[in-house]
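This report refers to the structure that appears directly beneath it.
Below, chains carry the letters A, B, ... as their sequence lines are ordered, and counting in each starts from 1. None of the values given here were measured: they were computed from a predicted structure.
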Amino acid sequence: MNHSVWIYIFIMIVTTNLIRIIPLTLIRGKIKNPFIQSFLYYVPYVTLAVMTFPAILDATQSPVSGAAALCLGIVAAFAGLGLFPVSILCCAVVFVLEFFV
Amino acid sequence: MDNKLAFRKGLRVGFPIALGYFAVAFSLGFMAKKCGLTPLQGFIGSLFTRASAGEYGVYTLVQQHADYISVIAMCLITNLRYLLMSTALSQKFAPETPQFLRILTGFCVTDEIFGVSIAYSGPLNPWYTFGAFAISSPFWASGTMFGIIAGSVLPARAVSALSVALYGMFIAIIIPPGKKDKAVLIAVAAGFLLSFLANRMDLIRNLGLSSGTITILLTILISAAAALAAPRTPEKNQEAAS
């Protein structure tokens, strides 16, 4: 039993890291195709947006505090705060709000 | 380019990632314990895999004594987005970046590490990514280990607050470019809306897609639509790189 758990973990490690590394071994230069270029430009923003919402509502004990963190985070980022301040602000909002909700 | 400085900047940006990782990994560890993992297995598995949804999926397979081929399938489905992320990163390097540094950067890719790396202004210095990786992954691995050892000791309120650290960072990555480029803002808004619908509408929930699969499908769909509606011109790319 113990033995096979290690095999599960080994397969998990190899498969996951191959997925990460394969594109970087295959694609060495700049992609010239304008559509692919544009597509790849949007990928990071879209994928982070999709992963943030509605997941942030489920990450907290109450969806209300998650929603508040999202809104204040957007306002703070719009105002020009960096990664760390926005991140801490979101945590603080949840921590304080969950005294009440 | 000063590699030491880039590494230090990476350490700094990696700190909030590390906090969020610890909280999330802790709850992952609690779950891994139920699936029968030892603290050492959790530590090693997390240190070298670093994929929340992927690990969660595999640990449930461990519990079910599933066959090994389904472990591969699980990793592919839950982590296929890394394929897109690494492809996007391949375009972010300066042309003279050595191949082994590119591959090491690929090894570091997680949602969060990718997020901060792609937000790096100008061509990516791999050492920035390594810095963020160096501080955050030990927290991910030890969070899992302590979760397995301790069960649910961290108060729920603390976990709750820490777990939005990651999302706060995502927000800080996607909003500023949206301010400059309306197409990005619209793509982000579309991402929020469609992701909400896909995760909450019974019609789509009944299809039984994992959240990883939904992420991939929506990313491809929205990014392709944005690429068609608002293609990038060489001038715009120049602007974004400066």
Side-chain angles (χ1 to χ4, degrees), chain A residues 5-9 11-13 15-17 19-25 27-31 34-35 37-56 59-61 65-66 69-70 73-74 77-78 80-84 86-91 94-95 98, chain B residues 13 16 37 41 45 48-49 51 54 58 62 68 71-72 75 79 81-84 86-88 90-91 102-103 106-107 109 111 115 118 156-157 160-165 167-176 179 184 187-188 191-192 195-196 199 215 218-219 222-224 226-227 231-232:
Chain A
V5 173
W6 282 113
I7 298 179
Y8 282 111
I9 291 173
I11 297 173
M12 170 177 80
I13 290 171
T15 312
T16 308
N17 286 301
I19 296 169
R20 291 183 169 116
I21 287 166
I22 282 172
L24 290 160
T25 54
I27 310 165
R28 292 179 190 216
K30 291 276 177 203
I31 294 172
F35 175 75
Q37 261 190 3
S38 305
F39 175 77
L40 290 175
Y41 167 78
Y42 290 111
V43 160
Y45 307 118
V46 172
T47 197
L48 292 180
V50 168
M51 283 190 294
T52 299
F53 193 72
I56 192 169
T60 48
Q61 285 181 289
S65 55
L70 175 71
I74 290 176
F78 229 103
L81 289 187
L83 298 188
F84 191 63
V86 171
S87 183
I88 295 295
L89 179 75
C90 289
C91 292
V94 171
F95 193 77
E98 290 195 345
Chain B
V13 80
L37 272 81
Q41 287 167 338
F48 291 102
T49 309
V58 170
V62 170
Y68 295 135
V71 175
I72 297 178
C75 289
N79 298 324
R81 64 185 185 284
Y82 294 146
L83 202 72
L84 285 179
S86 284
T87 307
S90 75
Q91 302 301 300
R102 292 174 189 238
I103 289 175
F107 176 75
V109 166
D111 300 332
I118 206 79
R157 282 172 37 76
S160 186
L162 284 176
S163 52
V164 293
Y167 299 115
M169 229 176 41
F170 289 168
I171 294 166
I173 290 168
I174 58 184
I175 296 300
K179 239 168 91 177
V184 169
V188 164
F192 280 168
S195 166
F196 183 79
N199 283 291
T215 301
L218 286 183
T219 300
I222 298 169
S223 303
R232 302 289 298 168

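Counting heavy-atom pairs closer than 4.5 Å to chain B, the top-ranked of the candidates A/L89, A/I56, A/T60 is A/I56. Contact count against chain A (heavy-atom pairs under 4.5 Å) is highest for B/A226 among B/G45, B/G191, B/A88, B/A226. Between chain B and the options A/I88, A/I22, A/I27, the largest number of non-hydrogen pairs under 4.5 Å is found for A/I27. In terms of heavy-atom pairs under 4.5 Å with chain B, the best-connected choice from A/V50, A/V86, A/T15, A/L40 is A/V50. Put simply, of A/M12, A/M51, A/K30, the one with the most heavy-atom pairs under 4.5 Å next to chain B is A/M12.
B/L83 approaches A/I19 most closely through the heavy-atom pair CD1-O, 3.4 Å. In terms of heavy atoms, A/V46 sits closest to B/L218 at CG1-O, 4.2 Å. Taking every heavy atom of both residues into account, B/G115 and A/L48 meet most closely at CA-CD1, 4.1 Å. Closest heavy-atom contact between B/P16 and A/S87: CB-OG, 3.6 Å. Across all non-hydrogen atoms, the minimal contact from B/C75 to A/T16 is SG-OG1, 3.7 Å. Nearest heavy atoms, B/A187 versus A/Y42: CB-CD2, 4.4 Å.
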Pair A/F39-B/L84, side chain to side chain contact (heavy atoms under 4.5 Å, CB included): steps then yes or no: CA-CA 10 Å; A/F39 175 77; B/L84 285 179; 4.3 Å; yes

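Within the 4.5 Å cutoff, the side chain of B/L37 has no heavy atoms near those of the A/Y8 side chain. In this structure the side chain of A/V94 never reaches within 4.5 angstrom of the side chain of B/Y167, judged on heavy atoms. Counting heavy atoms from C-beta outward, B/S90 and A/P23 have side chains that stay 4.5 Å or more apart. At least one side-chain heavy atom of B/I171 sits under 4.5 Å from a side-chain heavy atom of A/T52.
With a 4.5 angstrom heavy-atom cutoff, B/I118 touches chain A only via side-chain atoms. Residue B/V58 touches chain A through its side chain alone, counting heavy-atom pairs closer than 4.5 Å. Only the side chain of B/V13 comes within contact range of chain A, with heavy atoms under 4.5 Å apart. With a 4.5 angstrom heavy-atom cutoff, A/L70 touches chain B via backbone and side-chain atoms both. Heavy atoms closer than 4.5 Å to chain A are found in the side chain of B/N199, but not in its backbone.
A distance-only check finds a donor-acceptor pair linking the side chain of A/R20 to the backbone of B/V109 [under 3.5 Å]. Judged purely by atom type and a 3.5 angstrom limit, B/S86 has no side-chain atom pairing as donor or acceptor with the backbone of A/I21. Checking side-chain atoms of B/R232 against main-chain N and O of A/Q37 turns up no donor-acceptor pair under 3.5 Å. A donor-acceptor pair is defined here as one N or O able to donate and one able to accept, closer than 3.5 Å; such a pair exists between the side chain of B/S195 and the backbone of A/F53.
Counting heavy-atom neighbours within 6.0 Å of B/F48 CZ, excluding the residue itself, gives a total of 12 or less.
Separation of atoms OG1 (A/T47) and CD1 (B/I222) is listed at 9.5 Å; rounding is to 0.5 Å. Note: B/I175 CD1 to A/F78 CZ = 6.5 Å, rounded to the nearest 0.5 Å.
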